[in-house]
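Just below is one structure, and these are the notes that go with it.
Predicted model, so just to flag it, every value in this text is computed and none were measured.
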Amino acid sequence: MDIFAEFSARIAAAVAALFDGAEGLDALIDRIVVEPPRDAGHGELSTNAAMILAKPLGRNPRQIAAEIAERLLADPDVAEAEVAGPGFVNLRLVPELWLAALRAVGTEGADYGRSDLGAGQKVNVEFVSANPTGPMHVGHTRGAVFGDALAALMAFCGYDVTREYYINDAGGQIDVLARSALMRYREALGETVEIPKGLYPGDYLVPVGAHLRQVFGDTLATENESDALERVKPLILDAMMDLIRKDLGKLNIHHDVFFSERTLHGQGGEIDLTLAWLRQNDMVYEGRLDPPKGKTPEDWEDREQTLFRATDYGDDTDRPLVKSDGSYTYFAADIAYHRNKVLRGFTHMIDVLGADHSGYIKRIQAATRAVSEGTAEVDVRICQLVRLLKNGEPFKMSKRSGDLVLLSDVVDEVGTDATRFMMLFRRNDASLDFDFAVVKEQTRDNPVFYVQYAHARSCSVFRTAAREMAGLDLTPAGLATAELAALTTEADYELIRVVAQWPRLVATAARAHEPHRVAFYLYDLASAFHAYWTRGREESDLRFVVPGDERLTLARLCLVDALRQVLRNGLAILGVSAPEELS
RNA sequence: GGCCCCGUAGCUCAGCUGGACAGAGCAGUAGCCUUCUAAGCUAUUGGUCGCAGGUUCGAGUCCUGCCGGGGUCGCCA
């Protein structure tokens, strides 16, 4: 049950009835917002309907507001409706309605907050897509967590979500990887080797070398290099993807589809087909490109090349599809890849990329528009950099792989929950400080702990109730019999109202593709609960467990249970556990 | 030089697809443990929302131009 959605509909109906026949009324109604006011003095729900209507109707907003308020007052669920400020209508609802919302949390359980916002539409969330040249490092972590949480958020809101990983296994760095692995192979044969500069020195390739020896014996050593490379590549790529999947597994991230870029290449492959299609639709031409303004690359060579008409679809310049050596650019493959997604039926796509790819956004959006003939859109979410700190000082960890801090090092150090939550406790488009010291603290400074503690504490209340009031039936069936009317204090209602905002909040977060909103909401919810809890220390009538008053206790436990349920549902979206007690 | 992101309290950041006097944590100050986990809570100090214009009944939020920080700029992926 979503009180805000419910009243959004009732207000829309009231407005439609009052101003029936007004020009463009439906569009105006779409712009009406029903929200919880920032200031509690402004009621429990607030709407700007009158201000939206004032100008088009050519009328005084406060007058319109008065008419809307009057009509809403006729609704038996509305206790108060008053006009305020420039023309807001502020509502208070009858307590029964809030209690009904509270009751609904108990019955909806893990589904509380779920919606059909997405109406089952297919959404493809492409994230991580790290080059398969070694284990994942911290730079990949944020995008990985963000993409996974966003996918969960969309799924919760009724989208049919596919989590997808685009394996960049076709570029030159794969040759470098394969040559690096062959060095380890020779090492496994007993040779003493020194990894030349420019190859990957990481010792994660040592077991790959040993594996190659197992599979191929010493036959690769005598073969010419390019033949050997082609033979070993599939094995090496499998090994790298296993590494990556293992790293992702540490964060509880599992993709539905791993899409190999290699499969797009080759004669008659999808890139060829896509290019042919683009040509057929006059989206490609042979032409020259101006060098970037103000900064001409030293090796700039003015040449005629194959260009995609990206400017026709919102990009700043047309984009090359073929390199000077005749092979396809990365972008050409990516067009084919996004066309592939369109052909698979995705009209909504989300690409999660690192900060260094922000210049790529317009290009990929242009390509998607072109290739889908305007029927599909891609939203590109950029994750900014993560700065690793310890006690506020820049921090470098022991490194097993070049200069990079590994994802697995971070997770081993602070745990999956802390890693995930911290990565989400920040807008994705702003850079993020990740302080190892703070994340391991069990204090209010650490939001991960703070929210998990609220959940543990809510469970603790139930343990206490079971101990002190053995006669109470604390099962869901027992809680369902509670007389919620026993809840009468403002403190109770403050908590109920926060819990009741969850469906609206989660829908808003999904629409905006912003999972961090869930994290911040959970922090606020935890804060409201901790505040209530502590008040009970001083005011015994504000305790959750009130020995001698079973009626009140059971009602309060419903409230705690609802709050606990929202914490669970929210944490589940973030992929963070909800422990019953803290060690 | 072009494009993208950021600029909100001393510090770290929210601000719900423009709304009512701009919020939280930390730091500072003053308090709260015989009582459901004080691993917490309460009160309080503190802001020209980078600057200047514009659109609007209404701008931290949208537009334009500057200033400052970061990223990126055919043949890397």
Sticking with atom P, work out how far B:G25 lies from B:U72, rounded to a whole angstrom. 37 Å

Of all residues at least two apart in sequence or in a different chain, which pass the side-chain hydrogen bond (donor to acceptor under 3.5 Å, both in side chains) check with A:E67? A:R59

Using a strict threshold of under 4.0 Å (side-chain N to carboxylate O), is an ion pair present between A:D351 and A:K341? yes

How far does the C1' atom of B:G60 sit from the matching atom of B:C6, given to the nearest Å? 14 Å

Listed by chain and number, what are the salt bridge (charged side-chain N to carboxylate O under 4.0 Å, His left out) partners of A:D315, not counting sequence neighbours? A:R319

Does the ring center of A:Y166 lie less than 6.0 Å from the ring center of A:F127? no

Keeping A:R504 on the side-chain end and A:A5 on the backbone end, is there a donor-acceptor pair under 3.5 Å? no

Taking atom P in both B:U37 and B:C32, compute the distance separating them and give it to the nearest angstrom. 22 Å

Heavy atoms within less than 4.0 Å of RNA chain B: which residues of residues 165-178 of chain A have one? Give them sorted by number. A:N168, A:G171, A:G172, A:Q173

Distance from A:R179 atom CZ to A:I174 atom CD1, nearest 0.5 Å? 12.5 Å

Indicate for each nucleotide in nucleotides 12-18 of chain B, in 5' to 3' sequence, whether protein heavy atoms under 4.0 Å reach the base (B), only the sugar-phosphate (S), or nothing (-). -SSSB--

So, does the side chain of A:S129 form a donor-acceptor pair with the base of B:A77 at under 3.5 Å? no

Residue pairs involving residues 539-548 of chain A (criterion salt bridge (charged side-chain N to carboxylate O under 4.0 Å, His left out); sequence neighbours excluded): A:R535-A:E539

Any chance you could lay out the side chain to side chain contact (heavy atoms under 4.5 Å, CB included) test for A:F434 and A:V138, step after step, and finish with the verdict? CA-CA 10 Å; A:F434 188 96; A:V138 278; over 6 Å; no

Side-chain donor/acceptor of A:D169 to backbone N/O of A:E261, under 3.5 Å: yes

Expected list for residues 322-338 of chain A near RNA chain B, using heavy atoms below 4.0 Å, is A:K323, A:S324, A:Y330

When you compare B:U17 with B:C62, how far apart are their P atoms, in angstrom units rounded to a whole number? 12 Å

Report which part of the nucleic acid A:A531 touches: base, sugar-phosphate, or nothing (heavy-atom distance under 4.0 Å, all strands). sugar-phosphate

Looking at residues at least two apart in the chain, or sitting in another chain, which of them share a side-chain contact (heavy atoms from CB on, under 4.5 Å) with A:T443? A:E441, A:D445

What pairs of donor and acceptor atoms, side-chain ones from residues 464-472 of chain A against any protein atom, are under 3.5 angstrom apart with sequence neighbours left out?
residue	atom	partner	partner atom	Å
A:T464	OG1	A:S460	O	3.0

Nearest-angstrom distance, C1' atom, B:G2 to B:G74: 15 Å

Which residues share a side-chain hydrogen bond (donor to acceptor under 3.5 Å, both in side chains) with A:H348, sequence neighbours left out: A:Q121

B:U45 and B:G28, which share atom name C1', separated by this distance in whole Å: 8 Å

Chi class for B:C67: syn within 90° of 0, otherwise anti: anti

Please measure how far the C1' atom in B:G7 lies from the corresponding atom in B:G15, and state the result in whole Å. 15 Å

Could you say whether the aromatic ring of A:F88 and the base of B:G19 stack, counting only centre distances under 5.5 Å and plane angles under 30°? no

Detail all sub-3.5 Å separations between protein N/O atoms and N/O atoms belonging to nucleotides 24-33 of chain B.
residue	atom	partner	partner atom	Å
B:C32	O2'	A:E538	OE2	3.3

Is there a donor N/O on one and an acceptor N/O on the other, under 3.5 Å, for the side chain of A:R543 and the base of B:U35? yes

Side-chain donor/acceptor contact of A:D299 with base of B:C75 under 3.5 Å: yes

Just to be sure I understand the rule, does A:L289 reach a base, reach only the sugar-phosphate, or reach nothing, if contact means heavy atoms closer than 4.0 Å? nothing

Backbone of A:H137 reached by a side-chain donor or acceptor of A:H140 within 3.5 Å: yes

Side-chain donor/acceptor of A:D316 to base of B:G2, under 3.5 Å: no

What does the list of N/O pairs under 3.5 Å between the protein and nucleotides 65-73 of chain B look like, with a distance for each?
residue	atom	partner	partner atom	Å
B:G71	O2'	A:A355	O	3.3

Tell me if a side-chain donor or acceptor on A:S260 pairs with a main-chain N or O of A:I167 at a distance below 3.5 Å. no

Is RNA chain B part of any stem, that is, at least 3 consecutive Watson-Crick or G-U pairs with both distances under 3.5 Å, and where? B:1-7 with B:67-73, B:10-13 with B:23-26, B:28-32 with B:40-44, B:50-54 with B:62-66

Is A:Y450 close enough to B:C41 that one of its side-chain N or O atoms is under 4.0 Å from OP1 or OP2 there? yes

Have a look at A:Q305 and say if it touches a base, only the backbone sugar-phosphate, or nothing, with a 4.0 Å heavy-atom cut-off. base

Between B:A43 and B:U35, how far apart are the two P atoms, rounded to whole Å? 23 Å

Please find out if less than 6.0 Å separates the ring center of A:Y523 from that of A:F425. yes

Below 6.0 angstrom between ring centroids: does that apply to A:H516 and A:F146? no

